[in-house]
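Worth knowing before you read on, the calculation uses all heavy atoms, side chains too, and leaves out hydrogens, waters and symmetry mates.
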Amino acid sequence: MSQSLQVISAGILFADIACEPIERLPKAGELVPTSRIQLGLGGCAANVAVDLRKLDIPVGVAGCVGEDFFGQFIQESLKRSGVDTAGIRAVPQFGTAATMIVNVEGEDRRFISTPGANVVFRTDDIPAVWLEGAQILYIGGYLMMPGVETDDFANLLATARQRGVTVVLDVVLMERKDFQPILRKVLPHVDYFMPNDDESEIILGVSDPLEQARLFREMGARNVVITLGEKGCLFVGERGAFRAGVYPTTFVGGAGAGDAFDAGFIMGLLLGESPEGCVRWGSALGASCVRAIGTTEGVFNRTEAEAFLASHQLEITSI
């Protein structure tokens with residue numbers, strides 16, 4: 001598959017342990033039952049890759065895992081989904097990243113997480129041969145991977161763009177520090193920057209999504225998509241600005257919804273859609289994701305997504 005990849009999905013890889021929504025959090029020493037606890041894939045790079053495979057897109061993953069059960073689980077799960085895993089490096093000195101996801105009825109999900117081997121992911125973990133034929137390079141979980149907060153990584157993004165590869169970048173924050181100097185290195189080489197509004201507020205210190213998008217564009221990003229959870233999203237870019245709502249859905253769990261949005265948006269790019277069309281694809285996949293507790297199990301396949309888009313309208317308002 002490596003010679004015909006359309007998308008490279010690079011970045012963080014996690015094993016997720018998630019529960020069906022519980023009525024409330026337990027008190028100290030108390031047991032609160034749930035109907036199911038499951039082990040599943042997590043991390044932006046893995047989630048986006050699996051979601052794109054559901055849409056019949058050839059995709060490869062680049063990232064790092066440990067030499068342990070969770071690392072084997074991630075690689076085997078991706079292979080079963082048809083993802084090329086030649087870009088995954090097993091690191092003996094580190095454990096695989098893992099997250100416990102606690103879902104409580106009527107509340108946003110809670111995470112307990114360890115970054116594991118993601119902290120040693122580096123620029124040369126992305127196979128150079130993949131860049132020769134790919135249409136899109138997606139970087140998921142940036143700012144959680146210090147090994148790519150570097151000049152050589154910025155140079156790789158610049159080289160990819162020179163070869164006609166579209167660069168899409170999303171972030172995950174596990175700590176509070178001065179992120180702006182790191183982003184200023186890479187955003188001039190990013191076609192689509194896709195943080196959520198909470199992440200953007202931590203990075204920039206401003207809460208208004210429109211101002212957030214404007215500031216990220218000043219840092220160099222060509223187009224910015226600020227996701228707003230149940231309020232939809234905001235697009236500000238080279239072809240204008242607009243707000244979009246959300247599609248109707250049945251909410252079970254929110255894990256992976258942002259990654260599903262990214263995968264849908266990428267699908268729109270591959271289809272040559274307008275920014276509005278890309279947001280429709282992203283919003284549709286995001287809405288499908290939240291129907292299950294896992295990060296990818298509820299996500300539409302291509303036939304389902306196309307039928308959903310044909311039968312539902314998304315409110316979009318120009319700014």
Side-chain angles (χ1 to χ4, degrees), residues 1 5-9 11 14 16 18 20-21 36 38 40-61 74 77-84 101 103 109 135-136 138 140 166 168 170 192 194 196 225 227-233 235 244-316:
M1 185 187 295
L5 296 179
Q6 284 184 273
V7 178
I8 302 167
S9 184
F14 274 80
D16 283 352
E20 287 280 358
R36 182 164 62 111
Q38 69 180 37
L41 280 175
C44 306
N47 295 339
V48 167
V50 171
D51 294 343
L52 286 170
R53 285 301 301 139
K54 287 190 168 190
L55 301 174
D56 302 323
I57 301 300
V59 57
V61 164
I74 289 170
S77 297
L78 288 169
K79 287 177 182 177
R80 285 197 300 270
S81 296
V83 175
D84 190 328
I101 304 172
N103 293 302
R109 58 210 187 279
Q135 293 174 247
I136 292 177
Y138 168 78
T166 298
V168 180
D170 202 347
Y192 296 90
M194 306 182 69
N196 65 42
V225 185
T227 52
L228 309 170
E230 62 184 15
K231 296 179 181 179
C233 70
F235 177 93
V246 295
Y247 286 114
T249 189
T250 300
F251 185 89
V252 175
D259 301 330
F261 181 95
D262 289 354
F265 193 94
I266 290 169
M267 183 64 174
L269 292 174
L270 293 171
L271 294 174
E273 294 274 5
S274 65
E276 292 85 353
C278 292
V279 165
R280 291 187 184 98
W281 268 95
S283 299
L285 258 66
S288 68
C289 178
V290 303
R291 302 176 301 167
I293 64 171
T295 57
T296 61
E297 63 192 84
V299 174
F300 289 143
N301 62 33
R302 185 160 184 168
T303 299
E304 293 168 335
E306 290 173 341
F308 183 88
L309 286 165
S311 60
H312 292 79
Q313 297 294 319
L314 185 68
E315 182 180 355
I316 293 180

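Every residue two or more places apart in sequence or in another chain that forms a side chain to side chain donor-acceptor pair (under 3.5 Å) with Ser77 is listed here: Arg80. Not a single salt bridge (charged side-chain N to carboxylate O under 4.0 Å, His left out) links Arg109 to another residue, sequence neighbours left out. Scored by the salt bridge (charged side-chain N to carboxylate O under 4.0 Å, His left out) test, Glu297 finds Arg36 as partners (sequence neighbours excluded). Contacts of Ser283 classified as side-chain contact (heavy atoms from CB on, under 4.5 Å), with partners at least two apart in sequence or in another chain: Tyr247, Phe261, Val279, Leu314. With sequence neighbours excluded, no residue forms a side-chain contact (heavy atoms from CB on, under 4.5 Å) with Val246. Remark: Arg291 engages Thr249, Ser288, Phe300 in a side-chain contact (heavy atoms from CB on, under 4.5 Å) (not counting sequence neighbours).
Within the 3.5 Å criterion, the main-chain N or O of Thr303 finds no donor-acceptor partner in the side chain of Glu306. Panel note: side chain Arg302, backbone Asp56; no donor-acceptor pair is recorded below 3.5 Å.
Listed here is the closest heavy atom pair of Ala257 and Cys289: N-SG, 3.6 Å. In terms of heavy-atom proximity, Leu269 sits nearest to Cys278 at N-SG, 3.5 Å. Contact detail for Asn47 and Gly256: the closest heavy-atom pair is ND2-CA, 4.2 Å. In this structure, Thr295 and Leu41 approach most closely via the heavy-atom pair OG1-O, 2.7 Å. Gly298 approaches Ala292 most closely through the heavy-atom pair N-CB, 4.0 Å. Of all the heavy atoms in Pro275 and Phe265, the pair that sits closest is O-CE1, 4.4 Å.
With a 4.5 Å cut-off on side-chain heavy atoms, Trp281 and Leu55 count as touching.
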